[in-house]
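Encoded as structure tokens, the structure appears first; notes follow it.
So you know, we letter chains A, B, ... as the sequences are listed, proteins then strands, and number each from 1.
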There are 2 protein chains.
Amino acid sequence: METKKNDKFSNVEDCPIRNIIDRIGDKWSVLVLLVLEEEGTLRFNEIHKTIQSISQKMLAVTLKALEADGLVKRTVYPQIPPKVEYELTERGSSLLPHLHGLVSWAVGNMEAIQTSRREFEVS
Amino acid sequence: METKKNDKFSNVEDCPIRNIIDRIGDKWSVLVLLVLEEEGTLRFNEIHKTIQSISQKMLAVTLKALEADGLVKRTVYPQIPPKVEYELTERGSSLLPHLHGLVSWAVGNMEAIQTSRREFEVS
DNA sequence: TAACTTTGGTTACCAAAAGTAAGTAAAAAA
DNA sequence: TTTTTTACTTACTTTTGGTAACCAAAGTTA
């Protein structure tokens, strides 16, 4: 008999791993976090210029999600034309070292991985 | 004048960050890697029993991707009914410490993040 | 006075990725 | 002969992501 209790990953809502993967596992969050770390406080369009391949829509969606999770702080200056600045919160900063671990692994292994992929395709 | 050279993330194909995020940032890869680390060698259905919320299709797709990247080794025993075993490769094992960094951060911050999300919703 | 610029978005529409449920192969057991 | 077992695949639906056009509101230009 297989009860839910035998599956330690059954409660997807409360599984921290799935929770974090669902959030930073999207297409853009990690890139935005890394850019904000490197460049400091940035306006919407400045982020967009740094990550040209993201659409305005996805940048807006990504920033809103990061803000909702308290990883990024959004500051609106009531001007016309509008001015909105984004910066990492402490919580966002505390995540970054772990991302850097991943990034360094990725940098060190990317070439071998790309080779593996090509070999796998032909077979 | 904005040339491609001003955007250090413009070559999405060759950006290691995007590369690794695209691969382990999918919904299931990290979970599968963690299960294989914890349980050792497992058959297809054994993984499926451990991660009940994944569909057979997505488990198959995920394993194939991990195999293509050389993170997981697939061994087929020519029997009927079939027997296929999956285990981490060295490359896969070398990635896991970095994932654990993320996991521990996720465990430590999940509650605060969930609170932030609820607060963000109402405002 | 009308049109254009600037910024930080939103909206409608389309494509790609992921989820669901059912089907498949092949042999051994009932 | 039907059922069982295992590791998938296939057809279909839903969710996510991408593209391009549009918007507000004040200042600048003509």
So if I take every side-chain heavy atom of [X] and compare against [options], which nucleotide ends up nearest?
X       : options               : answer
A/Arg43 : C/dG9, C/dG8, C/dT20  : C/dG8
B/Lys27 : D/dT19, C/dG9, C/dG19 : C/dG19
B/Ala60 : D/dA26, D/dC8, D/dT19 : D/dC8
B/Met58 : D/dC8, C/dT10, C/dA18 : C/dA18
B/Ile80 : C/dT7, C/dA26, D/dT5  : C/dA26
A/Arg74 : C/dA18, C/dT7, C/dG9  : C/dG9

If I take atom [atom1] in residue [X] and atom [atom2] in nucleotide [N], what distance separates them, rounded to the nearest angstrom?
X       : N      : atom1 : atom2 : value
B/Phe44 : C/dA25 : CZ    : P     : 18 Å
B/Lys49 : D/dC8  : NZ    : C1'   : 15 Å
A/Gln79 : C/dT5  : CD    : C1'   : 16 Å
A/Glu46 : C/dG8  : CD    : P     : 8 Å
B/Leu42 : D/dT6  : CG    : P     : 14 Å
B/Leu59 : C/dT20 : CG    : P     : 13 Å
B/Asp26 : C/dG19 : CG    : C1'   : 14 Å

*asked:* Quiz question: going by heavy-atom distance under 3.5 Å, is there a donor-acceptor pair between the base of D/dG18 and the side chain of A/Lys57?
replied: yes

*Which heavy atom in A/Val122 sits nearest to a heavy atom in A/Glu119, and how many Å separate them?*
CG2-O, 3.1 Å

*Over all heavy atoms of both residues, which pair between B/Arg91 and A/Ile113 is shortest? Give the atoms and the distance, please.*
NH1-CA, 3.7 Å

Can you check whether [X] reaches [Y] side chain to side chain, under 4.5 Å on heavy atoms?
X       : Y        : value
B/Leu34 : B/His100 : yes
A/Val84 : A/Tyr77  : no
A/Leu36 : A/Leu66  : no

*asked:* So A/Tyr77, base contact, sugar-phosphate only, or nothing? Heavy-atom distance under 4.0 Å.
replied: nothing

*With a 4.0 Å cut-off on heavy atoms, is B/Lys83 in touch with a base, just the backbone sugar-phosphate, or nothing at all?*
sugar-phosphate

*Would you indicate, yes or no, if C/dA18 has its OP1 or OP2 atom less than 4.0 angstrom from a side-chain nitrogen or oxygen of B/Trp28?*
no

*Please determine if a side-chain N or O atom of B/Tyr86 lies less than 4.0 Å away from the OP1 or OP2 oxygen of D/dC8.*
yes

*Take A/Ser55 and B/Asn45, find for each the nucleotide of DNA chain D with the closest heavy atom, and name the residue whose nucleotide sits nearer the 5' end.*
B/Asn45

